[in-house]
Amino acid sequence: MNRIMLNTITDGNVIIINRGGGGADKPSEGGGNAPSASPKAVNLIDYEGSILHSYTKDEFMSLAEFPSPPVHEGLTFQEWNWEFEDAKDYVNQYGKLDIGANYITDDGKTRLHINIYAIERNNVTLSFGQSVPNGVSIDWGDGNISQTATNTGQVTLNHQYNEVGDYIITLSPSDDCQINLATYLFTDKKPYARVLKKVEFGRNISITGGAFHYCSSLESVVFTKSAYSGGTSIFEGCTSLKCAVIPRDTTSIATYVFRYCYAMKRLVLPKTITTMAAYNSVSCEQMRRICFSGQVTLGSYAFSSCSNLVEVIAPNGFVSLPIYVFSGCAGLLIMDLSKSESVPAMENKNAFSNLNSDFKIAVPDALYDEWIAATNWSAYASYIVKASEFNA
């Protein structure tokens with residue numbers, strides 16, 4: 001019987017190591033969590049949120065290349081979600097950045113780590129898309145015969161487990177088959193959303209709208225460089241998800257994607273992100289920092305109620321600030337808009353709320369007078385400082 005015990009990723013078993021020089025300890029072997037370095041200005045982050053390496057600006061600028069990635073059993077490292085030279089240019093100019101690691105499974109199969117926690121809820125139904133007949137073989141992880149489906153398009157397969165415990169469901173695509181996970185992977189969301197603990201993506205797969213909607217026990221996702229395809233509500237209500245490393249070349253994150261991800265500490269974005277849609281990261285209460293590269297379009301309520309968000313690094317600024325975009329972000333300390341070429345429109349004074357007196361918005365010196373007088377920005381004039389005077 002192919003049963004395993006899963007390692008639960010919790011704050012309680014992350015080891016915090018204080019060190020000089022920014023180096024990391026030995027990479028993890030056998031699929032365990034890597035030791036986590038203390039955060040600094042520049043952090044290299046693993047798929048589940050641990051900090052692999054951390055550096056001051058000067059330490060990072062002295063590197064000739066990225067350090068070696070960690071070794072995880074069953075996974076093959078693909079790439080960091082920033083090019084090294086792009087990362088150095090960014091850090092040289094702005095001093096801070098988070099960079100994340102993307103992997104793919106070593107056998108190309110997508111693995112769903114589940115827990116059957118009650119024998120009364122042992123009947124699991126998967127729903128996914130396949131592009132060719134019998135294109136995906138499903139191994140339910142309990143030693144029974146694998147299943148396929150003869151139809152193309154949306155496929156629904158059902159399996160009954162005989163014992164409670166931890167299992168790995170594997171989805172094995174044929175070479176010519178594309179798998180699409182969309183609109184409720186587990187079709188009965190009320191009891192069965194809780195069974196999913198971890199996802200490791202393989203080849204020929206994309207995830208779109210609603211795939212993991214309200215999978216409240218999902219703790220970690222191993223993104224491949226091509227798995228994320230956008231779509232609304234993909235991880236909405238995944239209240240145990242702690243980190244998402246968005247792959248290179250992703251340009252936008254759609255509506256509701258991380259809404260109510262209360263445990264989300266790190267959303268690691270690539271250089272290419274230009275759009276964060278409405279309600280995107282509402283109530284990501286543990287998120288501490290977000291780093292953008294180019295000018296960004298934000299949707300209404302995009303980071304509303306991210307109560308522990310401390311830093312927003314967006315030197316090139318925003319296209320505009322819509323309603324309630326940072327409302328309820330009581331922990332904000334720094335918003336770096338220091339390279340903006342114009343003052344973005346602020347649609348309403350409610351873009352911010354519950355700000356502390358030490359919050360600072362850094363803007364270009366040449367735009368300072370215009371900024372503090374601009375419509376609705378004038379309500380926050382006491383928080384706006386010239387970039388030349390800004391001491392982050």
Donor-acceptor pair between D166 and N115 side chains, under 3.5 angstrom: yes
N350 side chain to N348 side chain, donor-acceptor N/O pair below 3.5 angstrom: yes
No-hydrogen, no-angle side-chain donor-acceptor test under 3.5 Å, D142 and N162: no
Between T274 and T251, a side-chain donor and acceptor under 3.5 Å: no
Heavy atoms of other groups near Q93 CD, more than 12 under 6.0 Å: yes
Electrostatic pair K360-D336, nearest N-O below 4.0 angstrom: no
N/O donor-acceptor pair under 3.5 Å between N316 side chain and S340 backbone: no
Distance in Å, S283 OG paired with R259 CZ, rounded so as to fall on 0.5 Å steps: 8.5 Å
Side-chain heavy atoms of V282 within contact of F303, under 4.5 Å: no
Flag side-chain contact, heavy atom, 4.5 Å: E59 against V42: no
Residues D98 and R266 bridged, charged N to O under 4.0 Å: no
T56 side chain to D58 side chain, donor-acceptor N/O pair below 3.5 angstrom: no
Side chain to side chain, I169 and I114, heavy atoms closer than 4.5 Å: yes
Ring centers of Y47, F223 separated by less than 6.0 Å: no
T255 side-chain N/O to T232 backbone N/O, donor-acceptor pair under 3.5 Å: no
All ring pair (Phe, Tyr, Trp, His ring centres under 6.0 Å) counterparts of W80, not counting sequence neighbours: F66, F77
Close side-chain approach of V312 to F326, heavy-atom, < 4.5 Å: yes
Side chain proximity check, I138 to T170, heavy atoms < 4.5 angstrom: no
K198 bridged to E200 by N-O distance under 4.0 Å: yes
Polar side chain donor-acceptor pair, D46 to H72, under 3.5 angstrom: yes
Side-chain ion pair, E311 and R288, N-O less than 4.0 Å: no
Linked, directly or transitively: V132 and F128 (ILVMFWY side chains, under 4.5 Å): no
T76 and D106: CA distance, side-chain angles, deciding distance, side-chain hydrogen bond (donor to acceptor under 3.5 Å, both in side chains) verdict: CA-CA 5 Å; T76 299; D106 57 1; 5.6 Å; no
Steps toward side chain to side chain contact (heavy atoms under 4.5 Å, CB included) verdict (Q147, S137): CA-CA 6 Å; Q147 285 182 268; S137 175; over 6 Å; no
Salt bridge (Lys or Arg N to Asp or Glu O under 4.0 Å) between D139 and K109, intermediate numbers included: CA-CA 10 Å; D139 183 340; K109 301 176 182 180; over 6 Å; no
Student check: side-chain heavy atoms of L337 and W371 closer than 4.5 Å: yes
F235 and F212 aromatic ring geometry - parallel, tilted or perpendicular at 30°/60° bounds: parallel
Any K265 side-chain heavy atom under 4.5 Å of C243 side chain: no
Parallel, tilted or perpendicular: rings of H159 and Y161 (30°, 60°): perpendicular
Minimum side-chain heavy-atom gap I361-W377 below 4.5 Å: yes
K386 to Y368 six-membered ring, cation-pi geometry met (6.0 Å, 45°): yes
CA sep, side-chain torsions, deciding dist, call: Q154, S127, side-chain hydrogen bond (donor to acceptor under 3.5 Å, both in side chains): CA-CA 7 Å; Q154 201 68 15; S127 179; 2.7 Å; yes
Point-to-point distance, once rounded to the nearest 0.5 Å, from CG of L126 to CG of L171: 6.5 Å
Derivation and outcome, side chain to side chain contact (heavy atoms under 4.5 Å, CB included), residues V296 and T275: CA-CA 6 Å; V296 183; T275 303; over 6 Å; no
SG-OH distance between C284 and Y262, expressed to the nearest 0.5 angstrom: 10.0 Å
Gap between atom CG of L75 and atom OG1 of T224 - 0.5 Å precision: 11.5 Å
